[in-house]
Amino acid sequence: MTKSDLVEVLGSKLKHLPIKEVEVVVNTVFDKMTSALAEGGRVEIRGFGSFEVRTREPRQGRNPKSGASVYVGTRKVPFFKVGKELKERVNTNGRGVSAP
Amino acid sequence: MTKADIVESIYEKIGFSKKESAEIVELVFDTIKETLEKGQKIKISGFGNFVVRHKRPRIGRNPQTGQSIEISERSVLTFRPSQILKQALNK
């Protein structure tokens, strides 16, 4: 399901709203989360999960094509930790059966 | 940042009531959760993909006792951030 599919599904649940507005809502949700992370903050959505920024140490990497050694500086990467509720829901309704 | 901050920005940006803003934000996450629960993935361009991955059972070890135990078959959710999100963090 892509973002536009999500907008459509939400639109069918919110018939009183113009689809354009639903689209603005969805974009705002993700834009807001992106800017919070860009500022180095943590995003916590109860029942869903949390996002945080982790720092990767600088390292000596290699260009896999040419084999040339390249320096990779400190990088920040987003990290998502699934919330308990969603973790269980994904597991019990997928093919996996018992929760740990 | 929490859901309340997202609700606040919806309220400011679109002018829905606080209550309506809260309900809509809740509905956004509920819909995403329902989709993932069915094992389907969610692709948000510019943000990232949420993918349900199936794990086969495997033999694990209790690191404290060294005892072997079977780790059951399971489905887990993974998030793959988009290039755009990764770039936004490194500006």
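Letters A, B, ... are given to chains in the order of the sequence lines, protein chains preceding strands, and every chain is numbered from 1.
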Heavy-atom distance under 4.5 Å to chain B: side chain of A:V82, backbone, both or neither? side chain

Sequence neighbours excluded, which residues qualify as side chain to side chain contact (heavy atoms under 4.5 Å, CB included) partners of B:I59? B:S68, B:E70

Leading residue by heavy atom contact count with chain B [cutoff under 4.5 Å; candidates A:A36, A:P78, A:G41]: A:P78

Can you tell which part of A:V9 gets under 4.5 Å to a heavy atom of chain B, answering side chain, backbone, both or neither? side chain

Determine the option with the most heavy-atom pairs under 4.5 angstrom with chain B, choosing from A:V26, A:D31, A:V25. A:V25

Counting only heavy atoms from other residues, nucleotides and ligands, does the tally under 6.0 Å from OH of B:Y11 exceed 12? no

Does anything in residues 12-24 of chain A reach chain B? List residues with heavy atoms under 4.5 Å apart, or say none. A:K13, A:L14, A:H16, A:L17, A:E21, A:V24

Chain B neighbours within residues 47-56 of chain A, where any heavy atom lies under 4.5 Å away: A:G47, A:F48, A:F51, A:V53

Chain B heavy atoms under 4.5 Å from A:R42: which part of the residue, side chain, backbone, both or neither? backbone

Please flag which part of A:E85 lies under 4.5 Å from any non-hydrogen atom of chain B: side chain, backbone, both or neither. side chain

Tell me the closest heavy-atom pair linking B:I44 and A:K3, and the distance in Å. CG2-CD, 3.7 Å

My understanding is that only residues two or more places apart in sequence, or in another chain, count here; which of them pass side chain to side chain contact (heavy atoms under 4.5 Å, CB included) with B:Q83? B:K86, B:Q87

Interface check, chain B: of A:S35, A:S4, A:A38, A:G40, most non-hydrogen pairs under 4.5 Å belong to A:A38

